[in-house]
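Here is the structure we will look at, set down as C-alpha cells.
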Amino acid sequence: MIGFAMRSDMKAQLLIKNGRVIDPANGIDRTCDVLVADGNIAELGRANRQLESAVPEVIDASGKLVVPGLIDIHVHFREPGDEEEETIASGSAAAVAAGFTSVVCMPNTNPTIENETDVEYIHRKGRQARKTHVYTMGAITKGREGVELAEMGMMSEAGAVGFTDDASGVQNPAVMMRALKYAEMFDKVIAQHCQDDGYGRDGVMNSGYYSTILGLPGIDALAEEAMLWRDMQLIRKANVRYHAQHISTAGSVELIRAAKASSLPVTCEVTPHHLLLTEECCADYDTNYKVNPPLRSSEDLEALRQAVADGLVDALVTDHAPHLRSEKELEFLAAPFGIASLECALALYVKALIEPRILDWPELIALLTFKPAGIIGIDKGTLTPGKQADITIINPNAEYEIDLDTFRSKSRNCPYQGWKVRGRVEKTIVHGEIRFAG
Ligand SMILES: [Zn+2]
Ligand SMILES: [Zn+2]
C-alpha cells in the first residue's frame, strides 16, 4: 500500500476513502482510497491527513464497493419520436441513479437513427442532460427495413459505436453480408437482434406448452438460433466484430460456445429478465412480461446462467424498453414488447448471479464495465490513473423492496414491483462530478 504522490499541477477534486476498490481490468480488489483530480482518476492508494484536508470533497466509502462506472450497451431512450415514454434526459437521470455512467441508445427511434445528423442529435441531447455519457448505435439498414444499407460510414465518423437494426433482425443474408463487409472499413461492431421472421413473426411469447394453453402465438427458439447460426457462417467471410444481442435460448448458448471455440470474433449479451423470469410468468396475461426475445423455459434460463458462469457472456445489458401504461394495458396480443428495468438492474444482477454464487463481485463488475466497453470500443470501464473518473459507489448489503414510484424513468412497465432485493447504488460520479447521490 503506497501513499499518494500527487503532482503539484493537479487540481484535487474528490477523495473516496476506505472503500473496497474493485477494478477488474487491472486485477484490483482491495481496500484503499481513490483520488480524483481534473475530472480524471489521479491515483489509488492511501491519502494522508494533509492531502485529505486539501481535497474539497471527501466521501467515506467504508463498507462500500468503489467500482468503475457501470456501462449498459443496450437501452431504448425513445427520443426522437416517443418522448412521452422516455427522453434522453429522463433516461439519463434513471441511468445515473442506477449507477450507469455510460449507456448506448438503440437506433429504433422515430425516425430511425440512420445518418450522421441523427447520431449528433443523440450526442447533443446526452450532453445537455449532463448525467451519464450517452452513446448510440446506428441502424444497419435505412428505416430498419432490411433492404438498403444506412449511412454507416458517416455515422461511424460522427461517433456511432456500432450498428444494429434492433427490434428486428436483418432478414436477407446478402444484405447482412454487405453490412459486414462495409463495416470492415470502420472497425465498428455489428450487433444483431437475432430473429428470423420466418419462425413466428406474429408471435407474442415463447413457443411451447404455455403458448399452447394460453392460446397465444409463439416465437420459436429457432427464430433466434437460425439467424445466429446463419450469422456465424457469414462472419467467417468478413473481418468484423459481431455481437449477438440479448441471447435467450440454450441453443444460442451452444452456438456462441462453438463460435468462441473456433475463435470467431463474436461477443454476446444477456438481460436480467432472461436470467430471472420464465415463460410461466405470462400465465396471467400480464403484459409486463411481454418482451422480445420472449421469456423462455426454465431450461433456457439455467443454460444462460451456466453460460455466464462459464465466461461465455461478455456483457450484461438491460434492454431498458420503456412504454406508456396505456399501451401496456392493451390485451397481450396488442401490447408492445419491453421491460423498463434500468433503475433496478444492479439489484437484479445481484439476485440472478451473486446470490446463487454464479459470480463474485469482481466477475459481476467486469461484465458491467470494461468488457462491454471493449465490445463497443470505448476507452472506459477501468479505474486506471489518467482515465476519466467515472465511478460508482455501491452498498452491497443494503436490503430494500423495489418501488416503481421512485423511478426517474417516465415509464413503469416493470414486473419487479415489491421484489425484495439487495445491493444499492449510493453515488455515481461522471467525469469527476457527483451526478447522483442516493
Ligand atoms: Zn432487440
Ligand atoms: Zn432492444
Side-chain angles (χ1 to χ4, degrees), residues 71-79 81-82 85-86 88 91 94-95 100 103-110 112-114 122 134-141 144-146 160-171 176 189-197 199-201 203-206 219-221 223-228 231 242-249 252 256 267-275 277 288-296 300 304 313-323 327-328 335-342 345 372 375-376 409 411 413-414:
I71 298 172
D72 189 340
I73 61 169
H74 192 148
V75 301
H76 297 267
F77 282 176
R78 304 300 187 208
E79 192 174 357
D82 290 295
E85 294 182 333
E86 197 78 287
I88 290 170
F100 292 97
V103 298
V104 178
C105 294
M106 292 296 109
N108 65 327
T109 47
N110 189 14
T112 305
I113 304 305
E114 60 184 23
I122 303 292
V134 177
Y135 297 90
T136 190
M137 288 200 189
I140 296 174
T141 65
R144 299 172 36 257
E145 288 171 353
V161 293
F163 300 97
T164 176
D165 275 0
D166 187 38
S168 316
V170 178
Q171 301 298 312
M176 188 62 188
V189 68
I190 294 280
Q192 182 86 290
H193 169 121
C194 291
Q195 182 176 0
D196 186 322
D197 287 344
Y199 296 93
R201 185 183 171 77
V204 295
M205 68 172 292
N206 187 43
I219 303 173
D220 204 285
E224 178 172 311
E225 294 155 9
M227 184 167 284
L228 183 57
D231 287 352
Y242 176 94
H243 180 66
Q245 298 181 288
H246 46 46
I247 62 164
S248 69
T249 77
S252 292
I256 294 288
T267 53
C268 71
E269 63 184 35
V270 174
T271 70
H273 41 275
H274 291 114
L275 291 167
L277 307 172
N288 279 328
Y289 297 100
K290 183 177 175 182
V291 64
N292 190 12
L295 302 176
R296 304 284 190 185
D300 292 312
L304 290 175
V313 172
D314 304 280
L316 297 168
V317 304
T318 58
D319 194 3
H320 175 73
H323 285 294
E327 282 192 309
K328 276 291 198 184
F337 293 104
I339 292 175
S341 60
L342 192 55
I375 293 169
I376 56 167
S409 168
S411 291
N413 53 304
C414 176

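Read the numbers this way: they start at 1 and go in the same order the structure lists the ligands and their atoms. This one's a predicted model, so the numbers in the text were calculated from it and none came from an experiment. Hydrogens, waters and symmetry mates are skipped; everything else that's a heavy atom, side chains included, is used.
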Of all the N, O or S atoms in His76, which has the shortest distance to the Zn ion (ligand 2)? NE2
Side chains of Ser411 and His323: any donor to acceptor distance under 3.5 Å? no
Side-chain contact, heavy-atom cut-off 4.5 Å: Tyr289 with His273? no
Is there side-chain contact between Glu86 and His76, with heavy atoms separated by less than 4.5 Å? no
Tightest non-hydrogen contact, residues Pro322 and Ala340, listed as CA-CB, 4.0 Å
Polar protein atoms near the Zn ion (ligand 1) [N, O or S; cut-off under 2.8 Å]: Asp166 OD1, His193 ND1, His246 NE2
Is the ring pair His74/His246 parallel, tilted or perpendicular, if the boundaries are 30 and 60 degrees? tilted
Could you walk me through whether Phe77 and Val103 pass the side chain to side chain contact (heavy atoms under 4.5 Å, CB included) check? CA-CA 10 Å; Phe77 282 176; Val103 298; 3.8 Å; yes
